[in-house]
Amino acid sequence: MASRILLLAFLVLVCSHAIASDPSPLQDFCVADKMSHVFVNGLACKNPKDVKVDDFFFSGLDTPGDTANKVGSNVTLVNVEKIPGLNTLGISLARIDFAPYGSNPPHIHPRATEILTVLERSLYVGFVTSNLDNRIFAKVINEGDVFVFPQGLIHFQFNHGTKNAVAIAALSSQNPGVITVANAVFGSKPPISRDVLAKAFQVDMKTIDWLQAQFWMDNNN
């Protein structure tokens, strides 16, 4: 009986490490060594003797992002590329600026859960569950409100007002990644077959050609 309990405990520990989104730290810090050519799950550590205070610092999140683009939003991401000291700590931050009626289009963070709070104005936000339900959870949130987007689910934010809006998001990964759905589907390189997309979206080839032209143009600029 005791051996079975020990085996169960071991399996729980193994599984907990297997599903972790980021590598866990085994020392006080593991500042990313951007000059290293070693490939690991994360980034190699800088020699602690070479670590400086600025490895844990970023300035500029008070500066609004440029929202003069097609979607009317701008994401300023502070991840391990901006703060090397985030390596192995499993967290990052983003400022999101919205022009009036600006949108952070439907997208996915493959490696992170996101928790978002509105700093200025209000946003219409939501996420969609996986197949087969594809259920949407969405609502308008105001200054000081907080909303959570589960890891790997399609989600969005939209400024439905006539003034600029600002939000801050925390993400449970040093490098959460982002897949903007429309960009990935219609702007892939090389492009996905027109036949595949026409069948999937139940539209004609002319529509697919137009969509691919739009997103290829955006990706090449």
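The structure presented is a predicted model; accordingly, all values stated were derived computationally and were not measured. The first residue in the sequence is number 1, and the count goes up from there. The analysis underlying the following values was restricted to heavy atoms, covering all of them including side chains, and did not include hydrogens, waters or symmetry mates.
By the criterion of side-chain heavy atoms lying less than 4.5 angstrom apart, applied directly or through intervening Ile, Leu, Val, Met, Phe, Trp or Tyr residues, V125 is not grouped with L77; the two fall into different hydrophobic clusters. Cluster membership for V181 and L197, using ILVMFWY side-chain heavy atoms within less than 4.5 angstrom, is shared. The hydrophobic clustering, which links ILVMFWY residues whose side-chain heavy atoms are closer than 4.5 Å, places I192 and I108 together. Hydrophobic clustering keeps I91 apart from V148 (ILVMFWY residues linked when any side-chain heavy atoms are closer than 4.5 Å, directly or through intermediates). With hydrophobic clusters built from ILVMFWY side chains whose heavy atoms lie under 4.5 angstrom apart, I208 shares a cluster with W210.
Of the possible donor and acceptor atoms, none in the side chain of H160 sits under 3.5 Å from a partner among the backbone N and O of F158. Side-chain N or O atoms of Q174 include one that pairs as donor or acceptor with a backbone N or O of T88 at under 3.5 Å. Put simply, the side chain of D204 gets close to the backbone of T207: a donor and an acceptor are under 3.5 Å apart. The closest donor-acceptor contact from the side chain of N159 to the backbone of K163 lies under 3.5 Å. R95 places no side-chain N or O within 3.5 Å of a backbone atom of V166 that could act as its donor or acceptor partner. T129 places a side-chain N or O within 3.5 Å of a backbone atom of R135 that can act as its donor or acceptor partner.
Here the NZ-CZ distance, from K82 to F58, works out to 5.0 Å after rounding to the nearest 0.5 Å. Atoms CG and OG1, on N104 and T67 in that order, are 12.5 Å from each other to the nearest 0.5 Å. For the atom pair OG1 (T113) and CG (L171), the distance works out to 8.5 Å, reported to the nearest 0.5 Å. Taken from CG in L89 to OG in S173, the straight-line distance is 11.0 Å, to the nearest 0.5 Å. From L43, atom CG reaches atom NZ of K34 across 8.5 Å, with rounding to the nearest 0.5 Å. From F156, atom CZ reaches atom CZ of F149 across 8.0 Å, with rounding to the nearest 0.5 Å.
No side-chain heavy atom of E120 sits under 4.5 Å from any side-chain heavy atom of N164. P150 has its side chain within reach of F127: a pair of non-hydrogen atoms, C-beta onward, lies under 4.5 Å apart.
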Open item on the list: The test is side chain to side chain contact (heavy atoms under 4.5 Å, CB included); show your working for L93 and I83 and say whether it passes.
Closed with: CA-CA 10 Å; L93 189 70; I83 304 181; over 6 Å; no
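Within a 6.0 Å sphere centred on NZ of K52, other residues, nucleotides and ligands contribute 12 heavy atoms or fewer.
Ring orientation note: the planes of F29 and F56 are nearly perpendicular, at an angle over 60° on the 30°/60° scale. Classified by interplanar angle (parallel below 30°, tilted 30° to 60°, perpendicular above 60°), the ring pair H109/H107 is perpendicular.
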